[in-house]
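In this text, all values refer to a predicted model and were calculated from it rather than measured experimentally. Atoms within each ligand, like the ligands themselves, are counted from 1 in listed order.
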Amino acid sequence: MSWRHALLIVPAASDDARTDFGSTFAEHDPGAPALLLGELSAQRGDGVFETLGALDGTPHQVEAHLERLARSAALMDLPVPHLGQWRQAIARAAASCPPGEATIKLVLSRGLDDGRAPTAWISVGQAPDFTAARTDGIRLVTLDRGVDRDAATRAPWLMLGAKTLSYAVNMAALREARRRGADDALFVSSDGFVLEAPTATALLRIDGVYVTPPASSGILHGTTQLSAFAWLEAQGMPVRYRDVRVGELGRVDAMWLLSSVRLAAPVRAVDARPVVGDAALTAALNAALLARTS
Ligand SMILES: Cc1ncc(COP(=O)(O)O)c(C=O)c1O
């Protein structure tokens with residue numbers, strides 16, 4: 001990803017009564033250094049992030065991303081983010097989006113190791129071309145995440161439902177998937193349930209119902225999945241959050257990985273077993289996801 005634009009943010013306290021946060025933003029050359037060596041985001045991945053998609057300067061699902069940012073910050077004991085400030089920062093960043101599909105990344109770090117204050121920034125870049133993934137589809141391999149479905153409740157310090165900056169494990173899973181000849185991974189729990197992909201939510205069509213695993217199983221609640229459910233329901237299709245056993249993958253007749261920038265990538269195969277798919281629905285869903293105005 002080559003970043004085209006960046007905004008450094010001095011995070012405001014959550015009860016800051018200002019209505020204009022312009023003075024807390026500073027334009028920054030994305031090619032120039034910005035962080036000090038004591039930054040805990042760089043040293044420990046100690047912070048949270050969000051990645052939004054945008055089309056022609058309109059960012060998608062701003063409120064859902066902000067809610068998740070706040071949820072992730074709470075799970076990490078970070079100071080409560082001022083959502084009004086972030087909303088303004090996103091609007092300012094969106095104004096500098098290149099034409100077409102873009103990526104807007106929000107980062108909130110615990111800050112410097114001297115405990116001064118959190119640091120935050122936004123960067124904007126052109127989205128990669130995901131036409132092939134959206135039309136030809138992707139092949140998945142299932143990978144054991146090494147935790148069971150109840151780990152998020154039993155061990156909250158694992159921060160399983162938070163979008164933390166510590167994505168090294170997720171990236172390792174993607175490399176493992178590629179080593180095994182696939183395009184992406186599907187995490188499954190040690191007790192045999194479907195979880196999520198390293199950077200996407202799983203949507204499965206089983207017996208005519210569009211199903212996604214619940215966030216309570218220690219996965220991120222996807223903003224794209226929320227949009228997809230809303231669209232599917234508007235088309236009169238049944239949608240459901242429920243636990244999905246790995247064995248049920250054999251009954252899936254269509255499946256997608258959903259995420260903010262790649263959008264809906266249809267799954268062609270899971271562990272080398274072909275998935276029939278639904279090209280017409282995929283195209284309509286991606287068109288609807290791209291056309292979102294909020
Ligand atoms: C682990 C994980 N699950 C799900 C998602 C999908 O979330 P969203 O649709 O909000 O991009 C992501 C996105 O990066 C992710 O990293």
Worksheet item: With only distance considered, is K163 within less than 3.5 Å of ligand 1 through an N or O on each side?
Response: yes

Worksheet item: For Y167, is at least one N or O under 3.5 Å away from an N or O on ligand 1?
Response: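 Yes; the residue has a nitrogen or oxygen that sits under 3.5 Å from a nitrogen or oxygen of the ligand.
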
[X] neighbourhood, listing ligand 1 atoms whose heavy-atom distance to it stays under 4.0 Å:
{"X": "L258", "answer": "6 (C)"}
{"X": "E196", "answer": "1 (C), 2 (C), 3 (N), 4 (C)"}
{"X": "R68", "answer": "7 (O), 8 (P), 10 (O)"}
{"X": "G222", "answer": "7 (O), 9 (O), 10 (O)"}
{"X": "A200", "answer": "2 (C), 3 (N), 4 (C), 5 (C), 6 (C), 12 (C), 15 (C)"}

Are [X] and [Y] close enough for a salt bridge, meaning some N to O gap below 4.0 Å?
{"X": "R18", "Y": "D16", "result": "yes"}
{"X": "R178", "Y": "D184", "result": "no"}
{"X": "R251", "Y": "D207", "result": "yes"}
{"X": "K105", "Y": "E50", "result": "no"}

Worksheet item: Do the rings of F229 and Y241 sit parallel, tilted or perpendicular, given the 30° and 60° boundaries?
Response: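 It falls in the tilted class, 30° to 60°.
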
Assess [X] for proximity to ligand 1: is some non-hydrogen atom of it under 4.0 Å away?
{"X": "A197", "value": "yes"}
{"X": "Q61", "value": "no"}
{"X": "H221", "value": "no"}
{"X": "T201", "value": "yes"}

Given side chains that start at C-beta, do those of [X] and [Y] come closer than 4.5 Å, heavy atoms only?
{"X": "S227", "Y": "R292", "result": "yes"}
{"X": "R110", "Y": "M76", "result": "yes"}
{"X": "V194", "Y": "R245", "result": "no"}

Discussion item. Can a donor-acceptor pair be found, under 3.5 Å and without considering hydrogens, that links the side chain of Q126 to the backbone of E101?
Written reply: yes

Side chain, backbone, both or neither: the part of [X] lying under 4.0 Å from ligand 1 by heavy atom:
{"X": "S260", "answer": "both"}
{"X": "T51", "answer": "neither"}
{"X": "L220", "answer": "side chain"}

Worksheet item: Quick one: nearest non-hydrogen protein atom to atom 10 (O) of ligand 1, plus distance?
Response: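 Its nearest protein heavy-atom neighbour is T223 OG1, 2.6 Å.
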
Item to complete: For atom 9 (O) of ligand 1, grab the closest protein heavy atom and report residue, atom and distance to one decimal in Å.
Response: T224 OG1, 2.5 Å

Item to complete: Find the distance between CZ (R134) and CG (L263) and round it off to the nearest 0.5 Å.
Response: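 One gets 4.5 Å once the value is rounded to the nearest 0.5 Å.
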
Discussion item. So for atom CZ, which belongs to R87, do other residues, nucleotides or ligands contribute more than 12 heavy atoms lying within a distance under 6.0 Å?
Written reply: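 Correct, the count exceeds 12.
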
Fill in: Of the listed options L226, L160, T199, closest to atom 13 (C) of ligand 1 (non-hydrogen atoms)
T199

